Amino acid sequence: MKIKKIPQRMCVGCKEKKGKKDLIRIVRTPEAEILVDPTGKKAGRGAYICPEVECLNKAVKSKALERALAVNVSPEIISNLENQLKNEEPRKD
């Protein structure tokens with residue numbers, strides 16, 4: 001039986017490579033909205049972070065999130081993302 005490869009992605013906060021399902025995708029939609037993508041399938045430019053607020057803070061401080069999404073991220077969007085991360089349930093797929 002053939003072993004299926006697990007897709008790897010890098011957290012923009014801590015720079016660790018992990019399985020795609022272990023990370024949370026933040027997406028910039030074509031309408032220029034920035035939001036958490038729990039399914040990982042929304043259309044738009046994405047960035048992956050660990051499901052911890054510390055990684056989000058590192059990504060914001062180093063401007064890695066802005067570079068990954070190719071857009072300026074305002075402070076209210078960052079606080080909104082923090083709230084969504086705190087309430088985020090792990091993906092079950």
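Numbers here simply count residues along the sequence, with the first being 1. In this text the structure is predicted, and so the values were computed from the model without any measurement.
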Of all heavy-atom pairs linking Val12 and Ala68, the shortest is CG1-CB, 4.1 Å

Under 3.5 Å, side chain of Arg25 to main-chain N/O of Ile49, donor-acceptor pair present? no

*Can you find a heavy atom in the side chain of Ile26 that is under 4.5 Å from one in the side chain of Leu69?*
yes

d(Cys14 SG, Glu54 CD) to nearest 0.5 Å is 10.5 Å

Rounding to 0.5 Å, atoms CD1 (Ile78) and CG (Asn57) come to a distance of 8.5 Å

request  = Would you sort out whether Lys18 and Cys11 count as a side-chain contact (heavy atoms from CB on, under 4.5 Å), showing the intermediate values?
outcome  = CA-CA 8 Å; Lys18 297 184 180 181; Cys11 172; 5.9 Å; no

Here the gap from Leu56 atom CG to Lys61 atom NZ, rounded to the nearest 0.5 Å, amounts to 13.5 Å

Value for OG1 (Thr29) from CG (Asp37), rounded to nearest 0.5 Å, stands at 10.5 Å

Within a strict 4.5 Å, meaning less than it, do heavy atoms of the Lys20 and Gln8 side chains meet?
no

Of all heavy-atom pairs linking Leu23 and Arg9, the shortest is CD1-O, 3.5 Å

- Query: Is Arg28 reaching over with its side chain to a backbone N or O of Val71, donor-acceptor style, under 3.5 angstrom?
  - Reply: no

For Asn72 and Glu66 the tightest heavy-atom approach is OD1-OE1, 3.8 Å

